[in-house]
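Numbering starts at 1 and runs along the sequence shown.
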Amino acid sequence: MSKKEQIKQSLEALLDPRTKQPLGENSAVRHVHVDEEESLVTLILALSETGGREEKEFTRQVAKIVKIDHGFKGLKISYEALKKAPVEFERHTKYIAITSGKGGVGKSTVTANLAVALKRLGKSVGIIDADIYGPSIPNIMQVPQYQLRVNDENKIIPPMAYDMPVISAEFLMEDDKPLMWRGPMLGRMLSTFFKETAWDENLDFVLIDLPPGTGDVAMDVQTLIPEAHVIVVTTPHPTASHIAVKSGYMAQSLKHNVLGVVENMSYYNNPVNGAKEEIFGSGGAEEVAKALKVDLLAQIPIGQPGNRQNPSIYEMHDEIGVNYLGLANKVLKEFA
């Protein structure tokens with residue numbers, strides 16, 4: 001039995017301090033990540049009620065299991081309520097989180113173009129740019145400088161781009177200055193995106209552009225999304241695909257449904273000889289899909305949009321625009 005499974009089994013034997021029932025009976029061990037090289041265990045646990053003396057006592061018990069019984073030096077715990085209030089969208093709204101193992105693979109471009117493709121197929125779509133430290137959706141969607149406004153219920157009114165509501169950390173930053181916030185403030189921002197924004201309650205889909213990797217922000221976002229579906233983005237390069245598998249594993253460990261894998265920058269169509277040139281290698285996404293036991297949804301080639309007014313959004317008749325329509329159709333079939 002792996003260290004991860006040993007720790008999980010030990011935790012499930014503990015009692016919820018309020019219900020006095022074993023955690024395992026409620027599947028309340030949401031996430032366990034073991035880094036043996038750093039001697040660090042990261043946990044997401046659900047309790048019937050968080051806060052107070054019971055949680056402190058519970059933390060001491062968990063620390064004993066991790067540090068004394070299993071010999072790890074570091075421990076990071078996040079708690080969530082066992083019965084969380086749902087995000088304030090209608091139940092038919094589908095949440096699709098776009099994730100990647102590392103930056104630079106075009107995750108935000110995939111998010112924006114998939115959203116546009118779903119819109120072209122007649123669906124109502126919203127976008128949450130949750131890539132806190134590198135928000136790029138407003139630039140990709142060409143959202144002009146936006147001064148946030150609130151409605152009569154004191155909820156943020158998101159700006160529109162391509163007839164879709166968009167919310168982003170970019171709207172809370174000063175021009176060209178980085179966001180230098182710590183964990184609790186970031187968590188509050190994410191909660192604002194989901195719960196304190198005036199979303200159209202009839203949206204069919206909400207796409208969430210996650211930060212790259214498997215850090216705290218990515219986990220916070222995913223714990224806020226009820227019944228989320230996930231698309232993993234990678235390139236053909238072995239390094240990108242190796243790390244992308246980890247983000248997929250994290251989504252699955254949080255009990256989210258991984259719809260499949262998108263390989264971005266898959267190849268280059270040489271206009272001179274018509275050959276498909278695999279600039280970044282080949283096979284990366286296939287390996288990710290195989291490891292996660294999901295489908296390879298699309299292989300998006302390298303190219304530029306035909307509409308030069310926006311260098312990031314492909315027109316419907318562009319070759320790559322057709323690829324995104326194919327991806328959107330596959331996504332829709334998942335919910336048919």
Side-chain angles (χ1 to χ4, degrees), residues 1-14 16 22-24 26-47 50 55 58-82 84 97-103 105 107 130-133 182-184 186-187 190 208 210-226 228-234 239-258 261 287-288 290-294:
M1 185 184 296
S2 69
K3 275 288 186 182
K4 177 179 176 179
E5 289 301 318
Q6 291 175 23
I7 292 172
K8 184 176 180 181
Q9 191 174 79
S10 298
L11 292 172
E12 289 175 343
L14 288 175
D16 184 305
L23 287 182
N26 297 309
S27 300
V29 181
R30 301 296 194 210
H31 175 71
V32 179
H33 178 71
V34 174
D35 188 333
E36 296 195 46
E37 184 175 338
E38 297 292 332
S39 192
L40 173 67
V41 175
T42 302
L43 304 172
I44 299 177
L45 305 175
L47 298 179
T50 57
E55 183 180 303
F58 189 72
T59 299
R60 284 194 286 270
Q61 294 181 49
V62 172
K64 177 182 178 298
I65 287 174
V66 171
K67 295 185 177 181
I68 297 177
D69 296 352
H70 294 281
F72 285 83
K73 295 180 180 179
L75 171 64
K76 294 176 67 176
I77 308 177
S78 296
Y79 288 108
E80 63 180 51
L82 191 58
K84 295 177 62 120
I98 315 298
T99 186
S100 67
K102 65 188 297 295
V105 300
K107 170 180 54 62
D131 191 347
I132 299 296
Y133 294 112
R182 296 190 181 274
L186 292 173
L190 297 173
I208 303 100
L210 289 179
T214 57
D216 290 343
V217 174
M219 287 192 292
D220 286 344
V221 172
Q222 296 206 56
T223 55
L224 280 168
I225 308 168
H229 306 272
V230 176
I231 292 175
V232 179
V233 178
T234 185
T239 300
S241 59
H242 171 71
I243 301 175
V245 171
K246 295 181 180 180
S247 64
Y249 281 152
M250 185 183 80
Q252 290 177 335
S253 69
L254 291 172
K255 304 189 187 316
H256 294 323
N257 173 36
V258 178
V261 180
E287 290 299 317
V288 176
K290 181 179 178 180
L292 299 176
K293 298 180 181 178
V294 297

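Here Glu287 contributes atom CD and Thr234 contributes atom OG1; the two are 11.0 Å apart, rounded to the nearest 0.5 Å. Distance CG/Leu11 to CG/Leu43: 5.5 Å, rounded to 0.5 Å. With rounding to the nearest 0.5 Å, the separation of NZ in Lys107 from CG in Asp131 is 4.0 Å. Here the straight-line distance linking atom CD1 of Ile7 with atom CD1 of Ile65 works out to 9.0 Å at 0.5 Å rounding. For the atom pair NZ (Lys246) and CD1 (Ile243), the distance works out to 6.5 Å, reported to the nearest 0.5 Å. If you take CD on Gln6 and CD on Gln9, they are separated by 8.0 Å, rounding to the nearest 0.5 Å.
Here the closest heavy-atom approach between residue Val230 and residue Ala251 is recorded as CG2-CB, 3.8 Å. Shown here for Val233 and Ala244, the closest heavy-atom pair between the two residues is O-CB, 4.2 Å. Of all heavy-atom pairs spanning Ala240 and Val105, the tightest one is CB-CG1, 4.2 Å. Between Ser247 and Thr99, the closest heavy-atom pair is CB-OG1, 3.6 Å. Between Val66 and Gly74, the shortest heavy-atom contact is CG1-O, 4.2 Å.
The neighbour count for Lys3 NZ, taken as heavy atoms of other residues, nucleotides or ligands under 6.0 Å away, is above 12.
His70 pairs by the side chain to side chain donor-acceptor pair (under 3.5 Å) definition with Ser10, not counting sequence neighbours.
Side-chain contact between Phe72 and Leu40 is absent, with no heavy atoms from C-beta onward closer than 4.5 Å.
Counting only distance, with no hydrogens or angles, the side chain of Ser39 and the backbone of Lys73 share a donor-acceptor pair below 3.5 Å. Of the possible donor and acceptor atoms, none in the side chain of Gln252 sits under 3.5 Å from a partner among the backbone N and O of Val258.
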